[in-house]
Protein chains: 2
Amino acid sequence: MVMDINHRKLSHEIIEFYDKLSSWELAVVKGTGHSLSHIHAVEILGVNGAMRMKELAEKMGITTGTLTVQIDKMVRSGLVMRQVPQTDRRAVLVTLTEAGEVIYQQHDELHHQLTKQLTMKMSDDERRCLLGLFERMNHEF
Amino acid sequence: MVMDINHRKLSHEIIEFYDKLSSWELAVVKGTGHSLSHIHAVEILGVNGAMRMKELAEKMGITTGTLTVQIDKMVRSGLVMRQVPQTDRRAVLVTLTEAGEVIYQQHDELHHQLTKQLTMKMSDDERRCLLGLFERMNHEF
DNA sequence: TCCGAATATTTTGATTATCAAACTAAATCC
DNA sequence: GGATTTAGTTTGATAATCAAAATATTCGGA
């Protein structure tokens, strides 16, 4: 089928986009003094707000055992705090500190700048269209 | 500035898309019996063809020292071969084996299916538009 | 042609990340 | 109220990673 060629091309452009975004992120994170996974955790917490170990581990694709040691380090480096919710004293709520929030805001700003760069030559209509298409794709996952 | 809101929203949709793609990839790779980074190497070699250690390491964001041990394992698991080019006997060309090529094709097919799923409800025009916008973004990186 | 500098990869030694499984503590369910 | 489930931590072993040293080859003059 000829129509499949569109899907294939699109699929490859998506993979290329993903890889370039990975490299960009890696380059940006070097120089912060934090590890990639710590910044990733900060990003997730910045977007979604405080969450439990289990939920954060799932979002990061690691086990809670691994996350425990990561959070230990992130507490030591001042990015996050542990809080025990009154409703369930088994649980641990991982929360950004003020310093962690600052790091998140700075990192988010870099993403914002990148987005500007990538869509610099697009018209407002095209940018709006792209936003709509991303929203729809995110919805179909 | 009001216009920035578009950039910010778009930036957040891109991050969400990236995260969902990461999770998808992780889920897909579990069950193959290969590690995420091995499959990633296979993907890069499948798209770009055989390449040197240095180039592959750069694309993967790791040092050549780390890559050496990865390639050792991938050779043992039958995914790749090492070849020494006649033109420069210092270098090592990492090449997919037939089995590695099969793994690549299978993995690429899964990406293809995902792309279909994500754009299922789009018109051909919208899909074409999306392709064009991805091409332009990839160009601006 | 020969030698020092540069390049490509591997090896080494140490650190860090990771997992599965055992463990602890708290909540929930008959 | 005791058994079961759930949330997180700890442990022991393995795998991934890096920087720096080592090895092998090529290249660029004199």
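Letters A, B, ... are given to chains in the order of the sequence lines, protein chains preceding strands, and every chain is numbered from 1.
Atom CG of A/Leu67 is separated from atom P of D/dT10 by 13 Å (rounded to the nearest Å). At whole-Å resolution of the value, CE in B/Met53 and P in D/dA24 are 17 Å apart. The distance between atom NZ of B/Lys73 and atom P of D/dT14, rounded to the nearest whole Å, is 12 Å. The distance between atom NE2 of B/His38 and atom P of C/dT18, rounded to the nearest whole Å, is 15 Å. In this structure, B/Arg52 places its CZ atom 11 Å from C1' of D/dT26, rounding to the nearest Å. Put simply, CD on B/Gln86 is 15 Å from C1' on D/dT26, counting in whole angstrom units. One atom, CD of A/Glu55, and another, C1' of D/dT6, lie 15 Å apart when rounded to the nearest Å. Separating the CG atom of A/Leu56 from the P atom of D/dA7 is a distance of 14 Å, rounded to the nearest angstrom.
A close approach under 4.0 Å does not occur between any side-chain nitrogen or oxygen of B/Thr66 and OP1 or OP2 of D/dT17. A sub-4.0 Å separation between OP1 or OP2 of D/dT17 and a side-chain N or O of B/Gln70 is present.
Distance from the side chain of B/Thr68 is smallest for C/dT11 among the nucleotides D/dG8, C/dT11, D/dT9. Closest contact between the side chain of A/Lys54 and the listed nucleotides D/dC18, D/dG8, C/dT18 involves D/dG8. Nearest to the side chain of B/Thr63, among D/dT17, C/dT9, D/dC18, sits D/dC18. With C/dA26, C/dA8, C/dT11 as the candidates, the nucleotide lying closest to the side chain of A/Arg89 is C/dA26. Here the nucleotide nearest the side chain of A/Asp88, chosen from C/dA27, C/dT9, D/dT26, is C/dA27.
When every heavy atom of A/Leu110 is checked against every heavy atom of A/Trp24, the shortest pair comes out as O-CZ2, 3.5 Å. Nearest heavy atoms, A/Leu93 versus A/Pro85: N-CD, 4.3 Å.
Of the inter-residue distances, the one linking A/Glu16 atom CD with A/Asp19 atom CG reads 8.0 Å to the nearest 0.5 angstrom.
Between A/Phe141 and B/Phe17, the ring planes are perpendicular. Angles over 60° get that label, and only those under 30° would be called parallel.
Summary of the strand contacts: A/Arg90 and A/Arg82 both lie near DNA chain D, and taking for each the nucleotide with the nearest heavy atom, the more 5' one is attributed to A/Arg90.
A/Ile62 comes within contact range of the sugar-phosphate backbone alone, with a heavy-atom separation under 4.0 Å but no base atom that close.
Between B/Phe134 and A/Tyr18, the distance from one ring center to the other does not fall under 6.0 angstrom.
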